[in-house]
Amino acid sequence: MAYAVVYTRKGEEYYNSGNSENYKGLAAKNCDVYDAVHIAVSYDGKTFIPMRNNTGILFPKADFSEAAVGGVTKTLWDPWAFRYEDGSFGICAVRRNENAPDPKTTGCMMLFQSEDLIRFREAGFLKLSEDEIRYPRCIWDEKRTAYYIEWEMGNDTYRCYTKDFSVAEDVSICDEALLRAADIAGIEDAVFGNMIEIREEEARKIERYLGEIKNIGVKELRLDIAAGNKPEFEKLPKAACLYSDGSVHEKPVCWDKNAFDSIDFTKPGEYEIVGEVYQKHYPFPFLKADMSDPCICRYNGKYFLSASGQRSVTFRISNTLEGLALAEPVNVYTMPEDDKIHANMWAQEMHIIRGIPYVFTTVGEREWYTVRSHVLRCNGNPENPSDWEEPRLVLRPDGTELQPEGISLDMTYFCINEIHYVMWSDRKFKVRSEKYVVADTADIYIATIDPDRPWQLTSKPVCILRPMYGWDRYETLVDEGPYLLKHGTDLFVTISGSSTGLADLYCLGLLHAKETDNLLLPESWDWLPYPVLTKESVKGEYGPGHNCFIKEPESGDDLLVYHAVPHDINGKAMGRRMGIRRVHWAASGYPYLEMTEERDLAPEFKKVKLRIGIRDKKEM
């Protein structure tokens, strides 16, 4: 038997970056991320393991039907876990408007249903009172064949029954509460709901999807060969590293060449050589310079690193990934100076389309609210500034501007099944003047393009994602920076969300589809309800996000290229810096983006042995 506990978190009302000099004038409500359902699991009922680095798993969806620009962010109080009659899981809680009561659901408990405590669906509301309630609690009563519910209102505790959560029956005041919150220690800042028994295999599955993944061993290495057949040293086995979720990753080994050469492969026997598992090291920060929105593209055997700029398209160019850290920036295109002073060429991405290099970026004036998606084409050598054409504005199929009532930015490109797509962030303005802007949410759009003229859309833009949860509405209602990672038939698109000004709070979410899906349909894309990379993911790396992916040349591993914000010893934010990290493919089939070098290869498993059994040919 195992256990799961649900809880929210307490803390300061507003985010404190740790240094008064950081992000002056900006404030983020911590309730957006604290007032969500957190989950921890235990195998003894005493020691609990918080999932997702003690961050939220279940967030209520924002309400876009309300009059507020960008909709209303919803939060949860007083979560309680229970089993439905059919054995599936339920969560009941009180829904709120951030840190205030929600007048649309006064007196209601909100319901969620889940098969596994990993993914949830909103299951409606049960009206319990005309007044505000707290601490709704629920269990299935087998004898009554109904759900027994308690809640608190004022100084009293009430109870009722319901058959199907459509109506509360037999409402009365309790003489004494039967259901009580958990009293558990050891989880930082937890405000506990309750603890329920779950099967051990259910707990293992929760950990597999939501827990930290780390190296726990290496498979025993053995090679059996016939006498007289000396194996090639360069083709000796790799180390199969084992991870806590059940996944495996092969790594090369630096074997002892002298020990190998000393073996007489003509004589049967048992031999052993030792080696050290090789692990590529990418320091953070990768570069000393500030860098936002890094993107690496490989073309003609060279690596081109670009990032957000001011008036120029700039590359760092190297024959190796490591060499990019020392490469000097090269401007290949600079906006002409004029009265408008173009100053916003953001999120520059180089992509190769039918063999031709293109740069997708923005062109804007001095203010952020002027940026528009543009594409530059190269007619020769991308290192040669004279080979780049002027930026072209991205246009709809009818030739009109992509977003005439707002901005478009962070455009990326990919090709699936010979169909060419762009995906970008699009933001409309409700009010705009020279001194005042009221912006709606920044949403993710997709469309097809003409691959020979990639600034020309060939389909109507389709919105596939809006900032939906507290974690991607944290200070700023923004989803942006899409980038594709393909794995087999699975398509994963990372999306950066949350605050763009309070850079510590930036985080990464994940869209998922299949390559056989109609990618122009919003329902083809599954948006994970929790972030996959946050300031809690890797110590000292705040605001991780706006990434790209590239293959590691020797191993073929997928690499995450991203920016994050380090703090100095006084807590002062040092600006966005670039990082590189191996993408680990988890047993769940999803990319795990938190695989630090320490988690990837534990020190005690770096030294490995290879047992070589040489057999007489007659025995083979």
Side-chain angles (χ1 to χ4, degrees), residues 4-11 29-40 50-52 54-63 72-84 88-129 131-140 147-153 157-160 162 164-166 168 177 179-184 187 189-196 198 206 210 468-471 473 529-530:
V5 61
V6 295
Y7 60 100
T8 59
R9 292 185 64 189
K10 59 185 176 182
K29 296 178 181 178
N30 282 329
C31 63
D32 289 352
V33 291
Y34 286 171
D35 293 346
V37 179
H38 297 56
I39 294 177
M51 297 294 98
R52 297 300 310 148
N54 201 20
T55 60
I57 304 299
L58 171 59
F59 296 77
K61 294 178 180 178
D63 189 340
V72 176
T73 302
K74 303 295 181 178
T75 56
L76 295 174
W77 269 6
D78 311 329
W80 181 276
F82 64 96
R83 292 271 193 181
Y84 279 96
S88 63
F89 294 99
I91 300 282
C92 60
V94 175
R95 192 178 79 168
R96 292 168 59 78
N97 287 352
E98 290 190 308
N99 56 6
D102 180 358
K104 293 185 69 172
T105 58
T106 299
C108 294
M109 76 173 189
M110 189 175 190
L111 289 157
F112 300 86
Q113 189 168 16
S114 173
E115 298 302 318
D116 48 21
L117 290 180
I118 298 167
R119 298 294 297 271
F120 298 82
R121 68 174 184 86
E122 295 189 358
F125 298 85
L126 175 62
K127 185 77 170 180
L128 299 174
S129 172
D131 299 315
E132 290 291 331
I133 68 165
R134 292 292 308 271
Y135 309 113
R137 307 182 282 267
C138 179
I139 60 169
W140 169 250
Y147 296 95
Y148 173 77
I149 297 170
E150 291 181 348
W151 68 96
E152 295 182 17
M153 193 167 60
T157 300
Y158 290 76
R159 67 182 180 186
C160 74
T162 184
D164 56 7
F165 296 102
S166 61
L179 308 179
R180 298 186 181 279
D183 184 15
I184 296 169
I187 301 179
D189 295 332
V191 180
F192 290 105
N194 72 316
M195 180 174 72
I196 61 171
I198 60 176
I206 293 170
L210 303 176
M468 186 66 65
Y469 303 108
W471 62 266
R473 299 169 62 88
Y530 50 83

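Any value given below was found using the heavy atoms of this structure, including those in side chains, with hydrogens, waters and symmetry copies removed.
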What closest approach, in Å, do [X] and [Y] show between heavy atoms, and which atom pair accounts for it?
X	Y	value
Arg9	Asp35	O-OD1, 4.0 Å
Ala168	Leu126	N-CD1, 3.8 Å
Ser88	Gln113	OG-NE2, 2.9 Å
Thr75	Cys31	CG2-O, 3.4 Å
Asn97	Pro103	ND2-CD, 3.6 Å
Glu150	Tyr148	OE2-OH, 2.5 Å

Item checked: Over 12 foreign heavy atoms within 6.0 Å of CG, Asp164 -> yes
Open item on the list: For Lys10, I'd like to know if atom NZ has over 12 heavy atoms of other residues, nucleotides or ligands within 6.0 Å.
Closed with: no
Those residues at least two apart in sequence (or on a different chain) that pass ring-ring contact (aromatic ring centres under 6.0 Å, His included) with Phe112 are none
| query | Can you name the residues that form a ring-ring contact (aromatic ring centres under 6.0 Å, His included) with Phe192, not counting sequence neighbours? | reply |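 Phe192 satisfies ring-ring contact (aromatic ring centres under 6.0 Å, His included) with Tyr7 once adjacent residues are dropped.
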Exercise. Distance under 6.0 Å and angle within 45° of the ring axis: does Arg96 meet both against Trp77?
Worked result: yes
*asked:* Tell me if the centroids of the rings in Phe165 and Tyr84 come within less than 6.0 Å of each other.
replied: yes
Can you measure from [atom1] ([X]) to [atom2] ([Y]) and round to the nearest 0.5 angstrom?
X	Y	atom1	atom2	answer
Tyr158	Leu128	OH	CG	11.5 Å
Ile39	Ile206	CD1	CD1	6.0 Å
Arg52	Trp471	CZ	CH2	10.5 Å
Leu111	Phe120	CG	CZ	12.5 Å
Lys61	Arg95	NZ	CZ	11.5 Å
Asp183	Asn194	CG	CG	13.0 Å

Can a salt bridge be assigned to the pair Lys74 and Asp102 using a cut-off of 4.0 Å between side-chain N and carboxylate O?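 Salt bridge: yes.
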Does a side-chain N-to-carboxylate-O contact under 4.0 Å join Asp63 and Lys104?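 Yes.
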- Do Phe59 and Pro529 touch side chain to side chain, with heavy atoms closer than 4.5 Å?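 No, too far: nothing below the 4.5 Å cut-off.
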task: Could you tell me whether the side chain of Thr8 reaches within less than 4.5 Å of the side chain of Pro79, counting heavy atoms only?
output: yes
Problem set entry | Under 3.5 Å: donor-acceptor pair, side chain of Ser114, backbone of Arg119 |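 A pair under 3.5 Å: yes.
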Strictly distance-based, threshold 3.5 Å: is any side-chain N or O of Trp140 a donor or acceptor partner for the main-chain N or O of Arg83?
no
Exercise. Evaluate the criterion side-chain contact (heavy atoms from CB on, under 4.5 Å) for residue pair Leu76 and Val37; output intermediate values, then yes/no.
Key: CA-CA 7 Å; Leu76 295 174; Val37 179; 3.8 Å; yes
Residue set satisfying side chain to side chain contact (heavy atoms under 4.5 Å, CB included) with Glu152, at least two apart, ordered chain then number -> Tyr135, Arg137, Thr157
